[in-house]
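Read the structure below first, then the notes.
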Amino acid sequence: MGHGSCIAFPPGAVFGERLISIGASTLIGPNVSLAVGMHPDEPLQVPGGVVIRIGDRCVIGRGVSIIGRCSIEIEDDVTTGPNVYITDHNHSYEDLTIPIGRQWPAEDPVRIGAGSWLGTGVVVLPGATIGRHVTVAAGSVVRGTIPDRAVVAGVPAKIVRRHVDGEGWVPSLRRQVATPDWWVVT
């Protein structure tokens with residue numbers, strides 16, 4: 001855990017701590033679950049020694065669940081609303097002779113780009129790659145690749161707005177809000 005970071009009280013379920021990295025000046029809200037593996041003592045082979053990596057200056061909202069087995073990378077300055085669910089694995093269902101809950105999970109790394117915002121109730125599925133400076137609307141389900149500087153919404157999440165060099169936001173913003181200089185950390 002980096003300098004100036006904290007986990008709010010009460011914490012959620014936390015296990016696999018040795019495989020979790022939290023950067024500097026990051027706030028993990030109350031009731032956030034951070035878990036590596038399907039149970040606390042799962043013998044995972046982890047190249048690089050980290051499964052869940054949360055960058056510097058992130059804000060992880062209350063009630064978020066980040067559950068990993070292979071790789072979840074949340075880059076610097078990412079903010080989430082409450083009750084977001086991020087995972088890099090899911091049940092498989094191929095074998096009809098084995099109940100789905102007993103089949104081995106399929107895994108695919110997840111990355112959330114720097115400066116992004118995930119609204120309340122967003123679900124990030126295995127294999128999702130979210131670019132830098134992306135807004136994910138509340139209640140969206142993200143799978144696949146989302147490019148930099150986009151706004152996505154829906155189930156599954158689709159691009160509803162993009163920042164285009166020389167044009168700005170397309171379609172244009174209904175209202176522009178200026179950020180005061182004192183708020184911006186340099």
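- Linking Ile, Leu, Val, Met, Phe, Trp and Tyr residues whenever their side-chain heavy atoms come within less than 4.5 Å places Val46 and Val110 in a single cluster.
- Atoms CD1 and OH, from Ile98 and Tyr93 in turn, are 15.0 Å apart once rounded to the nearest 0.5 Å.
- Around atom CZ of Arg111, more than 12 heavy atoms belonging to other residues, nucleotides or ligands sit under 6.0 Å away.
- Enclosure of atom CZ in Arg161 by more than 12 non-hydrogen atoms of other residues, nucleotides or ligands within 6.0 angstrom is indicated.
- When hydrophobic clusters are built by joining Ile, Leu, Val, Met, Phe, Trp and Tyr residues whose side-chain heavy atoms come closer than 4.5 Å, directly or via intermediates, Val151 is not grouped with Ile159.
- Residue Tyr85 is not grouped with residue Val36 when hydrophobic side chains (ILVMFWY) are merged at heavy-atom distances under 4.5 angstrom, including chains of intermediate members.
- Put simply, CD1 on Ile52 and CD1 on Ile66 are 6.0 Å apart, with the number rounded to the nearest 0.5 Å.
- Between Asp165 and Arg149 there is a salt bridge, since at least one side-chain N of the basic residue sits less than 4.0 Å from a carboxylate O of the acidic one.
- Closest approach of Gly55 to Thr26, counting heavy atoms only: O-OG1, 2.7 Å.
- Placement of Ile22 and Ile74 within a single hydrophobic cluster is found when ILVMFWY residues are connected by side-chain heavy-atom separations under 4.5 Å, directly or transitively.
- What you find for Glu94 and Gln103 is that their closest heavy atoms are N-OE1, 3.3 Å.
- The CZ atom of Arg162 sits 8.5 Å away from the CG atom of Asp148 when rounded to the nearest 0.5 Å.
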*Report the C-alpha distance between Asp77 and Arg57 in whole Å, list the side-chain angles of each, state the deciding distance to 0.1 Å, and finish with yes or no for salt bridge (charged side-chain N to carboxylate O under 4.0 Å, His left out).*
CA-CA 5 Å; Asp77 302 301; Arg57 299 171 306 280; 2.8 Å; yes
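- Scanning both residues, Pro105 and Met38, for their nearest heavy atoms gives CG-SD, 3.7 Å.
- Note that CD1 of Ile112 is 11.5 Å distant from CD1 of Ile146, once rounded to the nearest 0.5 Å.
- For Glu42, the salt bridge (charged side-chain N to carboxylate O under 4.0 Å, His left out) partners at least two apart in sequence or on another chain are Arg69.
- Atoms CG and CD1, from Leu118 and Ile130 in turn, are 5.0 Å apart once rounded to the nearest 0.5 Å.
- Cys70 contributes atom SG, which lies 9.5 Å from atom CG of Leu44 (distance to the nearest 0.5 angstrom).
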